[in-house]
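Note sheet for the following structure.
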Protein chains: 2
Amino acid sequence: MAFSPDDPPDDVGARQRLTEVDGLAQLSFVIQGMLERRAAEHDLSVIQTRLLGVLRDRQPTMNELARLLGLDKSSVTGLVDRAERRGLVRRAPSAADRRAVLVSLTEDGHAFVTRAAGGFAGDITTLLGVLSPGERATLAGLVSQLLVAHAAKGGIDLFA
Amino acid sequence: MAFSPDDPPDDVGARQRLTEVDGLAQLSFVIQGMLERRAAEHDLSVIQTRLLGVLRDRQPTMNELARLLGLDKSSVTGLVDRAERRGLVRRAPSAADRRAVLVSLTEDGHAFVTRAAGGFAGDITTLLGVLSPGERATLAGLVSQLLVAHAAKGGIDLFA
DNA sequence: TATTGTTATACTCTATAACTATA
DNA sequence: TATAGTTATAGAGTATAACAATA
């Protein structure tokens with residue numbers, strides 16, 4: 001199991017005999033590491049970056065935000081507090097429900113997430129650079145299959 | 001970009017047209033989520049589980065542990081403190097260097113990590129269940145290629 | 001002097017429980 | 001009563017800086 005993705009290079013030999021389980025686990029650590037480094041470039045945590053990413057095409061209430069991020073509403077209060085203090089998001093009262101608060105990106109927030117997303121996309125492109133175009137297409141297809149099946153299972157669970 | 005891996009099921013349609021970047025990002029979130037859930041089953045965090053995983057076949061010093069986990073040594077002090085308090089790891093003085101401290105798994109720690117790893121392997125196997133044996137082999141091969149190339153790049157950086 | 005590890009401190013992130021305001 | 005959001009509180013995880021013991 002892939003608990004040490006950053007082992008020294010003398011482990012490269014071991015990586016060439018990776019099982020499916022180890023390979024996917026290590027890949028997830030590598031990709032999460034890329035996200036972390038890109039977020040850190042802008043002095044953001046992964047969760048702050050993810051908050052901004054969620055807000056790119058949405059203007060949810062605090063409650064919806066909690067559901068989207070899988071966090072308790074009180075955690076989202078703090079998350080949005082810190083982002084707001086940095087001028088990345090703003091709160092606005094909801095016209096439809098005077099208890100509710102709508103959260104949206106500021107100009108700065110939009111700029112941050114766009115730059116971070118671009119850098120991350122570059123990381124993935126670099127990672128995929130060793131594959132031929134055909135291999136990349138094959139990989140993308142297989143990954144899509146996995147995600148579609150996984151999402152469908154999640155959907156069934158949700159409505160069961 | 002995949003900042004919302006847990007979007008509601010009406011996003012499944014969108015997932016069928018995933019780009020390579022989005023697909024890999026979402027896959028990493030799905031896998032990390034599996035790790036989190038398996039760790040939580042044993043009341044552990046991902047980093048605590050990873051600590052135990054690293055110790056399965058090693059008995060490193062605090063310093064080596066910090067390098068393996070990519071953390072500051074002071075962070076590792078706290079991490080090991082909490083794991084030791086729960087009886088999962090133990091500290092022992094190094095015979096070779098009286099400044100150094102060796103960290104190792106206890107019986108309990110070994111049992112915990114073995115169970116968590118087994119559950120996680122099952123999750124991945126289930127995830128891969130929608131693919132044919134040939135597709136699984138293809139995927140594993142491509143993932144290995146990516147990781148080997150990535151590790152090699154890391155190695156070059158380390159020795160540059 | 002340099003290195004190993006811990007301590008002191010501060011901040012982010014997270015959850016639970018209690019609270020206010022609105023529905 | 002129920003829901004939306006905040007506050008109070010507690011704990012994990014992380015880093016920086018200062019420190020003690022050893023090399």
Side-chain angles (χ1 to χ4, degrees), chain A residues 3 6 29 32-33 35-37 39-54 59-86 88-104 112, chain B residues 3 6 29 32-33 35-37 39-54 59-86 88-104 112:
Chain A
F3 287 115
D6 295 323
F29 278 121
Q32 291 287 315
L35 274 172
E36 267 173 46
R37 259 170 272 123
E41 275 183 3
H42 302 91
D43 266 307
L44 288 175
S45 64
V46 171
I47 185 61
Q48 284 284 341
T49 308
R50 205 176 150 208
L51 167 66
L52 301 185
V54 162
Q59 207 161 315
T61 65
M62 294 294 284
N63 217 25
E64 289 164 348
L65 211 39
R67 190 179 49 77
L68 286 166
L69 296 173
L71 297 174
D72 188 85
K73 54 186 180 166
S74 66
S75 304
V76 176
T77 294
L79 210 56
V80 170
D81 281 350
R82 290 183 290 274
E84 197 175 24
R85 213 179 300 143
R86 295 181 57 172
L88 301 173
V89 308
R90 75 170 73 82
R91 282 173 163 102
S94 163
D97 183 339
R98 280 164 53 205
R99 295 170 303 179
V101 172
L102 299 175
V103 185
S104 57
F112 267 53
Chain B
F3 286 117
D6 295 323
F29 278 120
Q32 290 287 314
L35 274 171
E36 266 173 48
R37 260 170 271 123
E41 275 184 1
H42 302 90
D43 266 307
L44 289 174
S45 64
V46 171
I47 185 61
Q48 284 284 343
T49 307
R50 206 175 150 207
L51 166 66
L52 301 186
V54 163
Q59 208 160 314
T61 65
M62 294 294 285
N63 216 25
E64 289 164 348
L65 211 39
R67 190 179 50 76
L68 286 166
L69 296 173
L71 298 174
D72 188 85
K73 55 186 179 164
S74 65
S75 304
V76 176
T77 294
L79 208 58
V80 170
D81 281 350
R82 291 184 289 275
E84 197 175 25
R85 213 177 301 142
R86 295 181 56 172
L88 302 173
V89 308
R90 73 171 72 83
R91 284 173 162 100
S94 162
D97 183 339
R98 278 164 53 205
R99 296 170 301 180
V101 171
L102 299 176
V103 185
S104 58
F112 266 54

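Quick note on labels: first sequence line is chain A, next is B, and so on, each numbered from 1.
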(request) Summarise how protein sits on nucleotides 7-17 of chain D as a single string, 5' to 3': B when a protein heavy atom is under 4.0 Å from the base, S for sugar-phosphate-only contact, - for no contact. (result) B----SBSBBB
Output a table of nitrogen or oxygen pairs between the protein and nucleotides 20-23 of chain D separated by less than 3.5 Å.
| unit_1 | atom_1 | unit_2 | atom_2 | d |
| --- | --- | --- | --- | --- |
| D/dA23 | OP1 | B/R98 | N | 2.9 |

(message) For a quick check of understanding: with a heavy-atom distance under 4.0 Å over all strands, which category does A/S94 fall into, base, sugar-phosphate or nothing?
(response) nothing
(message) Can you confirm whether B/V76 sits close enough to B/V103 that some side-chain heavy atom of one is under 4.5 Å from a side-chain heavy atom of the other?
(response) no
(message) Students should find this one: the first and last nucleotides of DNA chain C, 5' to 3', lying under 4.0 Å from a heavy atom of chain A. What are they?
(response) C/dT12 to C/dA23
(request) Run the numbers on B/R91 and B/M62 for side-chain contact (heavy atoms from CB on, under 4.5 Å), then give the verdict. (result) CA-CA 9 Å; B/R91 284 173 162 100; B/M62 294 294 285; 3.7 Å; yes
(message) Is any side-chain heavy atom of B/R85 closer than 4.5 Å to one of B/D81?
(response) yes
(message) Are B/L65 and B/L79 packed together at the side-chain level, in the sense that at least one heavy-atom pair is separated by less than 4.5 angstrom?
(response) no
(request) Would you indicate whether the side-chain heavy atoms of A/T49 and A/L35 approach each other to under 4.5 Å? (result) no
(message) Just to verify, what does A/R90 make a side-chain contact (heavy atoms from CB on, under 4.5 Å) with, not counting sequence neighbours?
(response) A/S104, A/T106
(message) Is there a side-chain contact between A/L44 and A/L52 in this structure, where contact means two heavy atoms from C-beta onward sitting under 4.5 Å apart?
(response) yes
(message) Just to verify, what does B/R86 make a side-chain hydrogen bond (donor to acceptor under 3.5 Å, both in side chains) with, not counting sequence neighbours?
(response) none
(message) Test of understanding: with side-chain hydrogen bond (donor to acceptor under 3.5 Å, both in side chains), list the residues that count as partners of A/E64, not counting sequence neighbours.
(response) none
(request) Classify the side-chain pair A/S74/A/D72 by whether it contains a donor and acceptor separated by less than 3.5 Å. (result) yes
